[in-house]
Amino acid sequence: MDLPAGLAKELVDTLHSVHGEHPGHRAAHAKGSCATGTFTASPEAAALTRAAHMQGDPVPVTIRFSNGSGIPAYPDYARSDGRGLAVKFHLPDGGSSDMVALTLPVFFARDPESFMEFLRVTRPDPETKQPDLAAVGAFLERHPETQAALGAAMAGTLPASYLMCRYNGIHAFQLVDAGGGSRWVRYHWDPEAGERTLTPEEAREGGREYLQEELRERISRGPAALRLVFVLGREGDSLVDPTQAWPDDREEVIAGRLEVSAVAEPGTCEPLVFDPTNVVDGIALPDDPILHARSVAYARSFASRRGIRAPSTPSAHPLDAGPRALEAARDLAPGAMRAVEVGDARVAVANVDGTLRAFQDTCTHRGCSLTDGTLSGGIVTCPCHGSQFDVGTGEVVRGPASERLATFSG
């Protein structure tokens, strides 16, 4: 889907104008905890889609639970625009697929322009610390579709645990089965422990980090789980508008079980982008402008927090990037990679069987850092979407990337 040029930057800049810019953190959902576990799909899911992670074999996953705010210092008991659950499925071929969900039942806007306008009108005044209610009211008159999400966010319910929330996918996806048949679905994750909320007073008693601490304490006693539920759409259900809920009478299918088995070390999730458009064969995307805008905005936010300028930046130094990067990484062990700054360029160096290779550090698909990925032989795999490149030639070995890397000689 074609999006306006510069949209990613405008979205991230607008989020920063509301929450402030916090180096090293996401522009939204800045605070959270990372976990690991497995996902096991049901036979019903395998019948609906040929996607690799939906065939019934346990698939390792990385999971991020988060608060909606872009301010990492916000306490867990602060009112939030929803909690988040992001799951990255690590596939047998080295690729990945992502699912991203919110506790909100629907989204605030049906297109990125409306979302940015919503962010601007709800931005608190620096002096009063409150938004301009007249401006908010005028926006809602123009965009009545926003009221459902805003009402849910303003309800201010506080979860007792990240593991006791229902998370909604809010977008539609097309599932394609082994025979080529297809169904449109939405999905949600339901906690096996059931849903539970706290009063504001109870949450404050738990402390500023009560959700993070509760997650660690709960998982220390053994795994917890959530069920994935596919909601089967019917004719007339919106495929492109995340502000519209589907009717409650839609058929539901238990699609699998997500087992959360360990809280990961701090920083585990920081090299990762959880992108809802990162799908594999057997899952197709709608022309939903919010869905596709999330993808480009996440990539832009990722590049910002990781200090990555742009996928094409290394070519600004074609004469000296290679020699300088190789010299700076001459102590690199076989099988290892390192990012090296050459002026304002970022160059990756890999030691392939004793030979150093220099190439641009940013994946040509979404700009993720390749040195945060994995190196096997002379092939580097992007940690975000699983694109693979030959580090000697820069050629694409596997998509979704289609453009080769810049490479640099010594």
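As the structure is a prediction and not an experimental result, all values here were calculated from the model.
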Worksheet entry | Heavy-atom closest pair, residues Ala51 and Gln55 | O-NE2, 2.7 Å
Worksheet item: Side chains of Leu163 and Val260: closer than 4.5 Å at any heavy-atom pair?
Response: yes
Worksheet item: Is there a side-chain contact between Asp372 and Glu270 (heavy atoms, below 4.5 Å)?
Response: no
Discussion item. What's the separation between atom CZ in Arg26 and atom OG in Ser301, rounded to the nearest 0.5 Å?
Written reply: 7.5 Å
Discussion item. Taking side chain to side chain donor-acceptor pair (under 3.5 Å) as the criterion, tell me which of Arg83, Arg218, Gln212, Arg64 meets it with Tyr162.
Written reply: Gln212
Worksheet item: Would you say the side chains of Ser17 and Arg123 form a donor-acceptor pair under 3.5 Å?
Response: yes
Worksheet entry | side chain to side chain contact (heavy atoms under 4.5 Å, CB included) between Ile170 and Leu104, intermediate numbers included | CA-CA 8 Å; Ile170 75 173; Leu104 297 177; 5.7 Å; no
Practice prompt. Walk me through it: do Arg234 and Glu251 pass the test salt bridge (charged side-chain N to carboxylate O under 4.0 Å, His left out)?
Written response: CA-CA 9 Å; Arg234 294 183 191 169; Glu251 181 184 354; over 6 Å; no
Discussion item. Which residue is it: Cys363, Ser97, Pro400? I am looking for the one with a side chain to side chain contact (heavy atoms under 4.5 Å, CB included) to His385.
Written reply: Pro400
Discussion item. Do Thr381 and Phe389 make a side-chain contact, defined as non-hydrogen atoms from C-beta onward lying under 4.5 Å apart?
Written reply: no
Worksheet item: In a check of side chain to side chain donor-acceptor pair (under 3.5 Å) between Ser295 and each of Asp98, Asp275, Asn278, which one passes?
Response: Asp275
Item to complete: Output all residues satisfying side-chain contact (heavy atoms from CB on, under 4.5 Å) with Asp241, sequence neighbours left out; order by chain, then residue number.
Response: Arg110, Ser238, Thr243, Gln244
Worksheet item: Below 6.0 angstrom between ring centroids: does that apply to Phe359 and Phe408?
Response: no
Item to complete: Test side chain to side chain contact (heavy atoms under 4.5 Å, CB included) on Val340 and Arg346 and set out the steps.
Response: CA-CA 6 Å; Val340 177; Arg346 183 180 171 102; over 6 Å; no
Worksheet item: Between Gly37 and Ile63, what is the shortest heavy-atom contact and its length?
Response: N-CD1, 4.3 Å
Worksheet item: Should we say atom CG of Asp331 is surrounded by more than 12 heavy atoms from elsewhere, each under 6.0 Å from it?
Response: yes
Worksheet item: Looking just at side-chain N and O atoms, do Thr62 and His90 make a donor-acceptor pair shorter than 3.5 Å?
Response: yes
Worksheet item: Closest heavy-atom contact between Leu326 and Ala358?
Response: CD2-CB, 4.0 Å
Worksheet entry | CD-OG1 distance between Glu202 and Thr197, expressed to the nearest 0.5 angstrom | 8.0 Å
Fill in: Ala264 to Thr268 - nearest heavy-atom pair and separation
CB-OG1, 3.6 Å
Worksheet item: Just how far is it from atom CD of Glu44 to atom OG1 of Thr49, taken to the nearest 0.5 Å?
Response: 14.0 Å
Item to complete: Drop me the distance from Leu11's CG to His16's NE2, to the nearest 0.5 angstrom.
Response: 11.5 Å
Practice prompt. Let me see the working for Asn168 and His188 under side-chain hydrogen bond (donor to acceptor under 3.5 Å, both in side chains), right down to the final yes or no.
Written response: CA-CA 4 Å; Asn168 304 292; His188 54 85; 5.2 Å; no
Item to complete: Determine, step by step, whether Cys382 and Cys368 satisfy the disulfide (SG to SG under 2.5 Å) criterion, reporting the C-alpha distance in whole Å, the side-chain angles of both residues, the deciding distance to 0.1 Å, and the verdict.
Response: CA-CA 7 Å; Cys382 175; Cys368 294; 4.5 Å; no
Practice prompt. Compare every heavy atom of Met337 with every heavy atom of Ala350, then report the nearest pair and how far apart it is.
Written response: CB-CG, 3.8 Å
Worksheet item: When you look at CZ of Arg330, are more than 12 heavy atoms from neighbouring residues, nucleotides or ligands closer to it than 6.0 Å?
Response: no
Worksheet entry | Min side-chain heavy-atom separation Val380-Gln388 under 4.5 Å | no
Discussion item. Evaluate Val279 against Leu285 for side chain to side chain contact (heavy atoms under 4.5 Å, CB included), listing each step before the verdict.
Written reply: CA-CA 8 Å; Val279 297; Leu285 305 174; 3.9 Å; yes
Discussion item. When you measure from the side chain of Ser66 to the backbone of Gly32, do you find a donor-acceptor pair of N or O atoms at a distance under 3.5 Å?
Written reply: no
Practice prompt. To the nearest 0.5 angstrom, please state how far the CG atom of Leu291 sits from the NE2 atom of His171.
Written response: 4.5 Å
Item to complete: Check whether any side-chain heavy atom of Leu198 lies under 4.5 Å from a side-chain heavy atom of Arg196, and answer yes or no.
Response: yes
Discussion item. Any non-hydrogen side-chain atom of His29 less than 4.5 Å from a side-chain atom of Asn67?
Written reply: no
Worksheet item: Are the side chain of Arg227 and the backbone of Arg257 linked by a donor-acceptor contact shorter than 3.5 Å?
Response: no
Practice prompt. Given salt bridge (charged side-chain N to carboxylate O under 4.0 Å, His left out), test Glu395 with Arg404 step by step and report yes or no.
Written response: CA-CA 5 Å; Glu395 296 299 325; Arg404 67 181 298 278; 3.2 Å; yes
Worksheet item: Does the side chain of Val100 come within less than 4.5 Å of Arg294's, by heavy atoms?
Response: yes
Worksheet item: Going through the distances and angles, do Ile283 and Leu175 end up as a side chain to side chain contact (heavy atoms under 4.5 Å, CB included)?
Response: CA-CA 5 Å; Ile283 304 175; Leu175 302 185; 4.1 Å; yes
Fill in: Considering all heavy atoms, the nearest Glu214-Ser161 contact
OE1-OG, 2.7 Å
Worksheet item: Under 6.0 Å between ring centres, would you say that holds for Phe89 and Phe39?
Response: yes
Worksheet item: Are Tyr167 and Leu102 side-chain neighbours, meaning at least one heavy-atom pair lies under 4.5 Å?
Response: no
Worksheet item: Between Trp189 and Tyr187, how do the two ring planes meet: parallel, tilted or perpendicular, split at 30° and 60°?
Response: perpendicular
Worksheet item: Which of these, Lys31, Arg208, Arg204, sits in a salt bridge (charged side-chain N to carboxylate O under 4.0 Å, His left out) with Asp76?
Response: Lys31
Worksheet item: Should the heavy atoms of other residues, nucleotides or ligands under 6.0 Å from CG of Asp248 be counted, would the total exceed 12?
Response: no
Item to complete: Report the residue from Arg250, Arg186, Arg183 that forms a salt bridge (charged side-chain N to carboxylate O under 4.0 Å, His left out) with Asp237.
Response: Arg250
